[in-house]
There are 4 protein chains.
Amino acid sequence: MPKKTFYNLSEEKRNIIIETAIDEFASDSFKNASISKIAERAGIAKGSLYQYFIDKKDLYKHIIEISGNKKLEYLTDCIARIEGLKLFELIRELYKQGILFTIENPKLASITNNFLKETDTRFKEEILGTNMEKSNQFFEMLIEKSKQKGEVKNEIDTKVGAYIITHLNTAIVDQVLNHMEFSEILLNQEELLDKVDKMLFILESGFNS
Amino acid sequence: MPKKTFYNLSEEKRNIIIETAIDEFASDSFKNASISKIAERAGIAKGSLYQYFIDKKDLYKHIIEISGNKKLEYLTDCIARIEGLKLFELIRELYKQGILFTIENPKLASITNNFLKETDTRFKEEILGTNMEKSNQFFEMLIEKSKQKGEVKNEIDTKVGAYIITHLNTAIVDQVLNHMEFSEILLNQEELLDKVDKMLFILESGFNS
Amino acid sequence: MPKKTFYNLSEEKRNIIIETAIDEFASDSFKNASISKIAERAGIAKGSLYQYFIDKKDLYKHIIEISGNKKLEYLTDCIARIEGLKLFELIRELYKQGILFTIENPKLASITNNFLKETDTRFKEEILGTNMEKSNQFFEMLIEKSKQKGEVKNEIDTKVGAYIITHLNTAIVDQVLNHMEFSEILLNQEELLDKVDKMLFILESGFNS
Amino acid sequence: MPKKTFYNLSEEKRNIIIETAIDEFASDSFKNASISKIAERAGIAKGSLYQYFIDKKDLYKHIIEISGNKKLEYLTDCIARIEGLKLFELIRELYKQGILFTIENPKLASITNNFLKETDTRFKEEILGTNMEKSNQFFEMLIEKSKQKGEVKNEIDTKVGAYIITHLNTAIVDQVLNHMEFSEILLNQEELLDKVDKMLFILESGFNS
DNA sequence: CATGAATGAGATTTCATTCAT
DNA sequence: AATGAATGAAATCTCATTCAT
């Protein structure tokens with residue numbers, strides 16, 4: 001959460017700072033990212049950054065938040081259609097949008113994914129507040145509903161099911177990022193979606209009654 | 001690969017060094033772990049560490065190797081019984097042994113898991129030589145065999161299947177580690193194995209014909 | 001080439017740093033000179049030096065450059081009069097000015113001379129860019145001209161001639177420095193110039209037709 | 001001056017140590033040469049070196065001495081013929097033998113030349129005892145004799161003359177070494193001797209009456 | 001608000017020398 | 001006499017953060 005001073009800046013300046021920070025955090029872990037480089041590349045004084053943000057962590061937190069919001073934009077449409085879709089239709093859409101988000105915002109996706117892999121749990125909680133596990137809870141809710149509709153086997157453990165779906169999602173994003181790094185950049189989306197379909201084919205047979 | 005000098009040390013001293021290094025690398029990534037701290041905590045001179053190991057990377061490599069070997073010990077029995085078991089019986093055993101390894105060697109497991117999450121591919125290859133992807137390939141082979149036996153649906157994509165199994169494996173290990181950190185340490189093994197069974201129940205229905 | 005930050009410092013501070021660096025590099029070779037000592041003696045933080053210069057080499061390069069410029073100041077007058085003078089009149093002037101430079105800037109002269117003696121050619125080129133050998137080429141040109149004017153025997157090999165003149169020049173500077181070290185500091189200039197005259201007397205008879 | 005213990009060693013072992021030390025000192029300055037590397041490459045314990053020599057300097061001193069003696073072997077023949085030869089015939093021989101020594105013992109020559117370039121005069125005296133300047137004095141004596149014989153102009157300053165001859169000698173050796181480094185190794189001796197002749201041609205005209 | 005110089009702790013690494021065995 | 005493990009000071013370099021202007 002930036003200080004007030006940050007919001008007093010012109011939008012243009014704010015954007016430059018954010019973009020530069022994203023660049024830096026995307027190309028390195030939190031610890032190795034350098035405040036000095038961000039200031040330098042953004043063309044502002046190092047001290048200024050400390051006028052806008054409490055410290056490095058604070059800036060990082062803000063970027064993580066931005067990324068979360070951006071990703072949500074990609075997902076809201078799907079989520080709106082939650083009622084009309086079957087569980088795996090929805091999951092397919094969500095995975096698809098997640099891939100789209102990753103391709104169109106690779107830096108943000110990379111930051112988020114790196115963050116998710118951080119070991120230091122205390123650090124993670126500090127950054128996120130408490131809303132870790134949001135994704136998990138969302139899928140739990142979905143599965144529960146689907147059980148009620150009879151779409152999904154009752155024998156399936158809801159938590160475990162949600163867990164699987166969540167983790168495979170981040171695994172996919174990871175793969176997209178890795179491929180992009182090697183600049184087969186557009187390893188074409190179709191191929192990717194094909195993989196997703198193959199993955200979901202397996203899961204679906206596993207979940208469905 | 002430590003220098004000769006390392007192996008000339010008393011076993012006791014060698015153990016102290018290894019244990020301390022494991023402690024340090026377990027609580028921080030490679031980059032953030034500190035040789036200085038290791039030396040200090042092990043009660044030896046900083047310079048001495050450089051008598052035993054070429055550099056930080058060399059020490060890290062050694063720890064990774066130790067961990068790999070230790071884990072292999074847990075898995076060899078399963079793997080020996082490869083022929084007699086059905087695919088998911090084997091996977092269950094492998095997951096189970098993986099959990100056991102993690103519970104009994106949480107620091108090593110943590111180091112390995114952190115390593116697997118490293119983004120820098122060049123670094124990873126430097127540490128491992130080339131045998132990345134071994135796990136994936138192993139599961140691909142298993143699935144292929146099971147298809148031939150008719151245990152697994154032919155429609156399933158082998159690579160994607162192996163991918164799922166591998167990733168859920170590391171996800172489980174991660175979860176074990178996280179829980180242990182919060183010192184519900186023995187969140188009892190039974191409960192965990194129960195979760196694994198629930199997970200495999202889903203996957204099995206998904207894979208089997 | 002210092003960073004901008006260096007030029008933002010007060011002249012006084014800049015001078016202190018430069019003087020201290022000169023002291024250090026004059027009393028030791030590049031490799032053995034210590035950035036830590038420079039910082040300590042200049043009364044600034046070690047880190048600060050790295051705000052002003054990229055690294056040790058960068059600072060060294062700057063000092064070498066300063067020295068080169070200073071020496072050039074001593075020589076420009078002579079060089080301007082190049083046309084009016086006979087070869088050995090000019091050489092005498094150049095040697096003389098070189099001695100003057102050395103006496104008035106013994107530390108700079110020492111640094112330069114040490115640098116010229118460095119064995120590592122790659123290092124030298126890195127520091128100088130490419131203009132090594134400038135002195136040699138200058139004398140070659142002079143000799144060539146003098147041959148045309150009939151002042152110098154045609155049988156003389158131009159390159160070898162230039163080589164002799166260049167090397168005796170640095171030899172003289174060396175001697176001046178050595179004597180100064182033994183603090184017969186002013187072994188008076190006259191005596192020195194007398195030696196130069198004696199040296200040139202020999203060379204002149206050797207060169208002239 | 002090695003300790004007695006050194007001379008108790010088998011000649012073979014002594015040779016290995018000396019050769020290795022020569023290798024190391026030839027490829028680096030005194031300060032940067034590494035005792036550890038010498039011990040390692042010679043296949044002896046580091047501690048042993050300290051049984052044979054007081055310290056690094058002591059070993060270095062010994063090597064310098066060896067080099068001096070070796071070079072003397074190349075020169076004694078010339079020197080023996082001192083009476084029969086004219087000044088520049090003798091100088092030519094001495095330069096020639098110096099080049100031969102350098103070509104056949106490049107490492108020793110390199111060590112010696114680097115040593116001569118050392119700035120730290122106290123260090124130099126410590127190593128050499130007092131016999132610096134020996135070469136200079138030798139040439140002074142020669143010149144004096146030649147003056148008496150009427151071969152050399154009386155106007156020439158003996159000291160300055162000797163100085164020139166000495167310095168050009170080391171300059172030549174330096175050039176040989178540099179060329180060898182660039183592995184035009186045998187830039188053929190003839191070519192070199194041709195250069196020497198050209199150099200001496202100049203000097204001779206300068207000296208002779 | 002903006003600046004950017006200053007800091008200083010801490011990182012990795014090197015190496016001559018000592019000393020117990 | 002031989003060994004080689006141990007030492008520890010010193011080297012270069014990095015960087016988040018502070019603070020005076």
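A, B, ... follow the sequence lines: proteins, then strands. Residue 1 opens every chain. What you see is a predicted model; the values in this text were computed from it and never measured.
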*asked:* Can you tell me if C/Lys31 has over 12 outside heavy atoms packed within less than 6.0 Å of its NZ?
replied: no
*Does the side chain of A/Ile17 come within less than 4.5 Å of A/Phe6's, by heavy atoms?*
yes
*asked:* Once you apply a heavy-atom cut-off of 4.0 Å, does A/Tyr52 come out as touching a base, just sugar-phosphate, or nothing?
replied: sugar-phosphate
_Rounded to whole Å, please give me the gap between CZ in D/Arg41 and P in E/dC15._
11 Å
*Yes or no on salt bridge (Lys or Arg N to Asp or Glu O under 4.0 Å) for C/Arg41 and C/Asp23, after CA distance, side-chain angles and deciding distance?*
CA-CA 10 Å; C/Arg41 284 184 204 149; C/Asp23 277 7; over 6 Å; no
*Take the protein atom CG of C/Leu49 and the nucleotide atom C1' of F/dT12, then report the distance between them rounded to whole Å.*
11 Å
_A/Ile44 CD1 - E/dG4 P separation (whole Å)_ = 11 Å
*Return the minimal non-hydrogen interatomic distance between D/Ile127 and D/Tyr60, and the atom names on each side.*
CD1-CD2, 3.9 Å
*For the pair made of CD in B/Gln51 and C1' in E/dT17, what is the distance, rounded to whole Å?*
12 Å
Strictly under 3.5 Å: I want the nitrogen or oxygen pairs between protein and nucleotides 8-10 of chain E, one per line.
none

*C/Ile38 CD1 - F/dA11 C1' separation (whole Å)*: 12 Å
_By the 4.0 Å heavy-atom rule, please label C/Ala33 as base, sugar-phosphate, or nothing._
sugar-phosphate
*Compute the centroid of each ring, for B/Phe123 and then for B/Phe30, and state whether the two points are separated by less than 6.0 Å.*
yes
*Does the side chain of A/Asn8 get closer than 4.0 angstrom to OP1 or OP2 of E/dC1 through an N or O atom?*
yes
_Separation of F/dG4 P from B/Lys4 NZ (nearest whole Å)_ = 9 Å
*Rounded to whole angstroms, how far apart are CZ on C/Phe53 and P on F/dT12?*
15 Å
*Can you tell which of E/dT12, E/dT18, F/dC13 lies closest to the side chain of B/Ile35?*
E/dT12
*What pair of heavy atoms forms the shortest contact from C/Lys57 to C/Glu126, and how long is it?*
NZ-OE2, 2.8 Å
_I want to check one thing: is the phosphate of F/dT14, taken as OP1 and OP2, less than 4.0 Å away from some side-chain N or O of C/Tyr50?_
no
_Nucleotide paired to F/dA1 in any strand shown, Watson-Crick or G-U, under 3.5 Å_ = none
*Show the numbers, then the answer: is there a side-chain hydrogen bond (donor to acceptor under 3.5 Å, both in side chains) between B/Asn113 and B/Ser110?*
CA-CA 5 Å; B/Asn113 256 36; B/Ser110 166; over 6 Å; no
*In whole angstroms, how far is the C1' atom of F/dT12 from the CG atom of C/Leu59?*
13 Å
